[in-house]
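This chain uses plain numbering: 1 for the first residue, then up along the sequence.
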Amino acid sequence: MIKTEKNLEEKSKGQIIDHLKQTVLPEEGIIPAYILGDEDVYNLEHEKVFLKTWVFVGHESEIPKKNDFITRELAGYSIIITRSGEDEINAFYNMCTHRGMKLCRADRGNKRTFQCPYHGFNFKNTGECIGVPLQKDIYGEDFDRSNMGLNQVRIESYKGLLFATWNEEAESLDDFLGEFKWYIDLLVGRAEMEVIGEPQRFIVNANWKVGSDNFVGDSYHTMVTHGSIAKLGMVPSATYSKQGYQIYTDNGHGLNLGLPNPVFAFPEELKEEFKSNLTEEQFEILSNMKNMIGNIFPNLSFLISHTEIKGQPISNTSVRMWRPIGVNKMEVTAWMLVEKNAPQEWKDRSRDAFILTFSPSGIFEQDDTEVFTDITLTASGKMPFQKNFNYNYTMGLHREPVDFVGPGVAYGDKFSEANQRNFYKYWLELMTE
C-alpha cells in the first residue's frame, strides 16, 4: 500500500524544507516526482535558488559598442545591461526610482541616457539621476538627485558570458564557476566568440529543472528519443552517444564530453588562435571533440554539436537558458555562437547546422521539448506528492571515477546519472540552508 501524505500547501516553509531533506536523496539516486510539479517547491526555488545564485543574462557581443544596451530578466525582474564605457558593463533594475515605472521597454538599443515614460526623470547609463522636469520650480533649490540613482545589480563576466545576481553576499562568479571554468574555456574561451542573430525564444510547458537535468548528464535518452538521427545517417549508430566522459564539479555544474572524433570539428584557419587561448591539454581535447553537452547551475545549458551540412563536417555552438515562468512553464532562450574570426562560409554552415538540430524547429529540440512537457504533466498536481512517486537516478552508482586530464569527477563513458545526482545535491543544499 502506498502511503498518502498531506499536501505541501498545508505545511509551513520549515516543514517543506524538512520534507525535502527527508525525500530528496540524490546520493541514493532517489528524486521525488513532486519537485517538478509542486507550486510551493517552485516558490521556494525562486527565493532560495534564483534570488541567491548567479544566473546567466547574456553575452558581451550583444552589446559590442559604447552605450549599447539590452534588457533581460533576472529571477523574474527586468534589468538593463549597458556598456557605458568601452570596457565598462553595468546592470540596473529596470525601475525608475521616482515612482517605479519600468524605465526601458525596448529589448535593445544604443542610448547614453534613459528617460522615464511616466514623469520624465532622466538617468545616465551609469545609473545617476541627471534630470528632473521642472526640478527647481516644483521641488525647490535643496532637492538632491544624488540619492535617486538606479538600483544597481551585481554583474560579472567570464569569457564573454554575462552573469548577474540579486545577492550582494554571493561568492564571486569566478569562485562560483570554480573548476568548471576549464570546460567553459572549451565552449567560449577557445577563440573570440560572438552571438549570431537574435536569441531565439519560445515557451515550453515544462518545469525548468527538466531541461537542466537533460543537458547536465543525460546522453542515455539519445538512443530512443533521437533514434531517428541514426536512421537518417546523421550519426553512425544509435549508441554513438555513449562514448566519452561524464564529468561534474562543485556547485552542481556538469557535462558530457563526446570523444573521440577523427574529424577536426572547428575552423582549420583558427588553430593558432585556439592554441593561444587553451592549454595543450585543452587543445588536445578540442581537437578530438565529437560533442560537449552540459549545464552551468542552475539553468544555463550549453552544447557543441558536430554533424554534416552540405556534405562537409561542421560544429555548432549554442547556449540556452531555461527561464522559469511558472511551475509547469518555462521560456527557453537560445543563443548561437560562432568564432568571430572564422570564414563567413563556415559561419553560415554552422548556423544551418544549428537550425537543423537545436533551433525551435530543429530535430533534437522538437524531440526533447515533447518529452519535457510530458514529464512535467505526470509530475503535476497533488497526487504525485501524496503517493510518494520517485524517479530512479541510480545509473552508475556502482562505478568508480576514472582519471581524466581535466578537473572534476570523471566517469569513463556518458551513460551515467552521476551528474544529475550532483545537480540535485547542490539544489537541495540551496533549498534547505
Lys65 with Asp68: basic N within carboxylate O range, under 4.0 Å: no
Are the charged groups of Arg399 and Asp413 less than 4.0 angstrom apart, N to O? yes
Salt bridge flag under 4.0 Å for residues Arg323 and Glu331: yes
May I ask you to say whether Asp185 pairs ionically with Lys159, meaning some side-chain N is under 4.0 Å from a carboxylate O? yes
Salt bridge present between Glu27 and Arg421 (N-O < 4.0 angstrom): no
Report yes if the side chains of His253 and Phe176 come closer than 4.5 Å at any heavy-atom pair, otherwise no. yes
Quick check, are the ring centers of Tyr424 and Tyr393 under 6.0 angstrom apart? yes
Taking atom types as modelled, find out whether Ser301 and Asn295 have a side-chain donor-acceptor pair closer than 3.5 angstrom. yes
Verdict with supporting geometry, Asn67 and Asn125, side-chain hydrogen bond (donor to acceptor under 3.5 Å, both in side chains): CA-CA 7 Å; Asn67 300 322; Asn125 62 6; 2.8 Å; yes
Axial cation check for Phe264 ring with Lys271, 6.0 Å and 45° limits: yes
Taking NZ, NE, NH1 and NH2 as the nitrogens, is one of them in Lys52 or Glu47 under 4.0 Å from a carboxylate oxygen of the other? no
Between the main-chain N or O of Ser350 and the side-chain N or O of Asn316, is there a donor-acceptor pair closer than 3.5 Å? no
Distance-only donor-acceptor check, side chains Ser172 and Asp174, under 3.5 Å: no
Any carboxylate oxygen within less than 4.0 angstrom of a Lys/Arg side-chain nitrogen, looking at Glu60 and Arg83? yes
Hey, are the side chains of Leu177 and Tyr183 touching, using non-hydrogen atoms and a 4.5 Å cut-off? no
Taking the side chain as everything from C-beta on, heavy atoms only, tell me whether Glu273 gets closer than 4.5 Å to Asn341. yes
Salt-bridge criterion met for Arg154 and Glu156 (N-O under 4.0 Å): yes
So, are Glu128 and Arg145 salt-bridged, with charged N and O less than 4.0 Å apart? no
Do we see a donor-acceptor contact under 3.5 Å between the side chains of Trp208 and Glu45? yes
When the aromatic ring centroids of Phe404 and Tyr245 are compared, is their separation below 6.0 Å? yes
Salt-bridged, Glu62 to Arg72, with N to O below 4.0 Å? yes
